[in-house]
Amino acid sequence: MRMSKLFVSTLRDAPAGTDTVSAQLLTRAGYQRQLGSGIYSLLPFGERSARRIEQVLREEMEAIDCYELSMPFVQPSDLWKETARWDRVGPEMIRLQDRSERDMVLAPTHEEVATDLVRRSVQSYRELPFSFFQIQTKFRDEPRPRGGLLRCREFTMKDAYSFSLDRDDFLRIYREFHRAYLRIFARFDLPVVVVEASGGYMGSDISLQFTYESEIGEDTLLISPNGNYSVNAEVATTTLEIPDEELLEMEEVATPDCKTIEDVAQFLDVPTSRTLKAMFFNVRDELVFVTIRGDREVSEEKLSELLSTDVLEFADADLIRASGAVPGYASPVGLTGVKVVADESARTPNLVAGANKVDYHLLNVNLGRDYEADVVADITQVRGGMPSPVDGAPLVESRGIEVGNIFSLGTTYSGPLNATYLDDEDREHTIIMGSYGIGVGRNLATIAEHHHDDAGLKWPLSVAPFDVHIVALGNDEAIQNEADNLYDALMAGGIDTLYDDRAASPGVKFADADLIGVPIRITVSSRSLQAGGAEIKRRDQDRDASVIVALDGVIEHVQTERQALLGNLESLAKEAEARTPTD
RNA sequence: CGGGGAGUGGCGCAGCCCGGCAGCGCGCCUCGUUCGGGACGAGGAGGUCGGAGGUUCAAAUCCUCUCUCCCCGACCA
């Protein structure tokens with residue numbers, strides 16, 4: 001591409017409100033422009049990088065015999081009503097009507113259509129297992145888009161779906177995707193950690209999340225330094241020691257002005273782990289009274305999962321008082337008609353709890369004796385430093401960007417949609433499904449987060465919009481001609497080349513080259529010609545690490561360099577592959 | 001949706017408190033000089049001050065309503 005003909009412009013300053021490094025660089029370097037909140041255009045560079053990402057995705061999917069198809073973005077609502085997601089999925093799904101007032105949706109994901117395709121076609125066990133993928137637009141009306149391409153409302157995603165005979169059959173495919181995913185991120189030279197995650201609204205029982213660790217990430221991870229426990233905080237567990245003590249008699253004590261757990265613990269001189277904390281949630285206007293030991297916090301994710309709701313709000317004082325509880329001095333003791341959810345830790349004997357009376361608490365409150373819970377479950381928010389459930393080692397907390405995931409779907413969709421097959425004895429079985437997602441734009445942005453320096457982007461070859469960036473300096477005709485010839489020759493040699501043929505000063509061209517981040521830069525100038533040819537420098541090398549190559553040797557040199565870079569990425573992929581769990 | 005912030009030439013910003021000619025840097029155009037790390041000089045173009053209503057002799061500035069965008073929290077690739 002000749003830059004003089006290319007619709008692109010670089011910016012000195014990123015537009016106001018562009019906060020993340022990736023969004024700043026991608027915008028400044030001319031990869032993307034924002035149209036609205038969470039809605040972006042990809043400019044030529046961005047489109048080319050996205051295609052390279054997609055190319056890797058296609059290769060790795062096909063390598064595990066997962067083949068491409070394409071499903072509609074605008075879909076009739078019928079299938080969504082069949083799986084009940086029409087009602088379950090909230091306003092993140094855009095609903096609209098066609099001219100005949102039929103309900104339609106802009107696809108936020110494609111399980112329904114994928115399952116429908118399969119149920120209409122598959123009849124015999126002989127046809128299973130298989131999987132397919134597409135690279136398609138999705139629209140999710142996210143409550144809060146952020147970070148440029150990191151979290152968009154409209155985005156492109158590679159989503160794959162697998163269809164298996166049974167659980168074991170599914171697990172074989174799941175593992176293949178796991179391996180393919182490790183190869184994919186390795187080929188992007190993007191380090192990821194694999195953590196267990198919750199299925200969320202996909203309705204999954206097991207799932208793994210491929211996460212790039214980053215401060216700007218939205219997910220909280222808890223990882224054991226021993227490498228045997230890596231989870232998303234939403235499903236993290238920790239060990240729980242419940243002392244084996246005799247239950248003591250309950251007793252009311254005055255605790256003036258002790259409204260918080262810390263106040264009470266200090267006043268009574270007991271550790272917070274001997275107190276019972278009360279929390280109140282409003283679930284569809286019903287009060288849910290939650291108890292947890294004073295040294296722990298409630299995980300709202302776990303709680304909403306437990307209550308099968310995605311609307312979880314703190315209850316206001318009126319709703320709390322209506323139950324008879326007294327904010328600041330609340331406990332479920334003596335209350336009736338209130339839904340109580342207790343964390344496992346609330347089983348600890350002889351805790352200090354509120355007396356539902358201002359300035360009073362109760363000593364020796366015991367779950368099961370002094371109050372009953374409707375549900376006792378693990379709803380503890382695990383934090384860094386808490387012991388790993390595997391070996392007790394303190395967990396390390398970090399943040400991360402989810403760049404891909406793999407889900408077991410079981411029969412969540414095949415059940416309601418009746419996607420079945422007949423086995424060799426004519427018995428009907430429901431197909432076992434999985435789904436596998438990778439966001440193209442999010443990966444582009446995440447790779448930019450990882451591969452940049454102060455001057456700009458620094459792409460791995462697998463993601464760069466071009467292999468080579470020719471910088472022609474000076475408006476000498478001889479130089480122009482040599483650069484033109486070189487450009488033609490590179491293009492003819494199948495090397496994607498960006499040719500800066502603009503009449504701009506050297507400083508501008510070099511600065512833009514650094515900003516755009518193409519891996520190999522070739523400078524043609526009177527100085528380079530005098531030195532014997534063109535100057536070749538890799539973006540990841542220092543300024544003075546360049547070499548002069550005779551003009552007729554440039555293509556060969558570039559091919560060699562390119563092969564070396566691709567070879568490095570392939571070795572990374574091989575290493576990653578070797579790390580795939582085998583059990 | 002709750003909390004915080006911002007909308008002024010293409011981009012970054014000042015001006016607003018205290019109403020009175022719409023400014024600065026970068027970019028853009030023309031000419032000349034430059035030409036290996038965002039050149040220099042001279043001249044120039046470009047703005048419904050997010051929108052609507054109001055107050056006033058007079059509104060970017062004050063008031064009301066509204067739209068949009070960003071950041072922090074609940075969702076996810």
Side-chain angles (χ1 to χ4, degrees), chain A residues 9-20 23-24 27-28 33-39 57 89-93 108-109 135-138 140-160 181 197-202 207 209-212 216-219 232 234 281 300-301 303-304 309-314 401-407 435-446 455-456 471-476 479 503-515 521 523-528 530-531 535 537 543-544 546:
Chain A
S9 58
T10 55
L11 300 172
R12 278 262 196 146
D13 304 300
T18 311
D19 270 40
T20 56
Q24 283 173 355
T27 305
R28 285 184 50 212
R33 289 291 182 268
Q34 182 171 22
L35 178 62
S37 180
I39 303 180
L57 298 175
V89 177
E92 62 266 29
M93 182 161 76
T109 174
I135 296 178
Q136 242 291 24
T137 303
K138 307 261 184 277
R140 293 182 193 166
D141 197 2
E142 297 290 345
R144 189 158 96 73
R146 70 186 88 176
L149 259 27
L150 284 173
R151 178 172 212 72
C152 285
R153 293 194 292 169
E154 182 183 308
F155 60 101
T156 302
M157 175 174 165
K158 187 282 306 172
D159 48 327
Y181 271 36
S198 94
Y201 86 168
M202 293 300 162
S207 82
Q209 176 181 313
F210 295 75
T211 314
Y212 171 70
I216 63 165
E218 301 180 78
D219 290 350
N232 188 303
E234 64 200 11
F281 292 90
E300 290 182 44
E301 285 113 345
L303 183 60
S304 55
T309 177
D310 50 6
V311 277
L312 198 60
E313 293 168 8
F314 290 111
I401 301 167
E402 181 181 19
V403 287
N405 62 29
I406 58 180
F407 289 107
S435 83
Y436 314 86
I438 291 181
V440 174
R442 179 178 286 185
N443 271 271
L444 181 67
T446 306
V471 175
L473 297 185
N475 32 19
D476 208 293
I479 294 169
S505 72
V508 168
K509 291 189 174 188
F510 285 134
D512 275 349
D514 287 345
L515 185 58
R521 189 186 77 190
T523 307
V524 181
S525 65
S526 55
R527 188 193 290 184
S528 79
Q530 262 166 32
E535 177 201 88
K537 175 193 155 314
R543 268 190 201 183
D544 46 9
S546 59

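Since we're looking at a predicted model, the values are computed, not measured. So that the names make sense, note that chain A is the first sequence line, chain B the second, and so on, each numbered from 1.
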Using whole Å, what does the distance between atom [atom2] of nucleotide [N] and atom [atom1] of [X] come to?
{"X": "A:F155", "N": "B:A77", "atom1": "CZ", "atom2": "P", "answer": "8 Å"}
{"X": "A:F210", "N": "B:C76", "atom1": "CZ", "atom2": "P", "answer": "18 Å"}
{"X": "A:I438", "N": "B:C76", "atom1": "CD1", "atom2": "P", "answer": "18 Å"}

Donor-acceptor pair under 3.5 Å: do we get one between [X]'s side chain and the base of [N]?
{"X": "A:R521", "N": "B:G37", "answer": "yes"}
{"X": "A:E218", "N": "B:C75", "answer": "yes"}
{"X": "A:R442", "N": "B:C76", "answer": "yes"}

Watson-Crick or G-U counterpart of [N], or none if no pair lies under 3.5 Å:
{"N": "B:A39", "value": "B:U33"}
{"N": "B:U64", "value": "B:A52"}
{"N": "B:C11", "value": "B:G25"}
{"N": "B:C1", "value": "B:G73"}

Would you please name every residue forming a salt bridge (Lys or Arg N to Asp or Glu O under 4.0 Å) with A:E301, sequence neighbours left out? none
Assign [X] to base, sugar-phosphate, or nothing according to its heavy-atom contacts below 4.0 angstrom with the strands shown.
{"X": "A:S9", "value": "nothing"}
{"X": "A:E142", "value": "base"}
{"X": "A:G147", "value": "sugar-phosphate"}
{"X": "A:D512", "value": "base"}

Strictly under 3.5 Å: I want the nitrogen or oxygen pairs between protein and nucleotides 41-48 of chain B, one per line.
none

Which nucleotide, [options], lies nearest any side-chain atom of [X]?
{"X": "A:E92", "options": "B:C70, B:C75, B:G36", "answer": "B:C75"}
{"X": "A:C152", "options": "B:A77, B:C69, B:C75", "answer": "B:A77"}
{"X": "A:E402", "options": "B:C35, B:A77, B:G36", "answer": "B:A77"}

Side chain to side chain donor-acceptor pair (under 3.5 Å) filter on A:K509, not counting sequence neighbours, yields none
Return the set of residues passing side chain to side chain donor-acceptor pair (under 3.5 Å) with A:T27 (not counting sequence neighbours), or none when no residue passes. A:Q32
Going by the rule side chain to side chain contact (heavy atoms under 4.5 Å, CB included), which residues pair with [X] if we only count those two or more places apart in sequence or in a different chain?
{"X": "A:K138", "answer": "A:H110, A:Q134, A:Q136, A:F155, A:M157, A:D159"}
{"X": "A:R151", "answer": "A:E142, A:R146, A:E218, A:R442"}
{"X": "A:A531", "answer": "A:I548"}
{"X": "A:T10", "answer": "A:D512, A:L515"}

One character per nucleotide, please: for nucleotides 2-11 of chain B, 5' to 3', B when the base has a protein heavy atom closer than 4.0 Å, S when only the sugar-phosphate does, - otherwise. ---------S
Are A:F510 and B:G38 stacked, counting the six-membered base ring, centres under 5.5 Å, planes under 30°? no
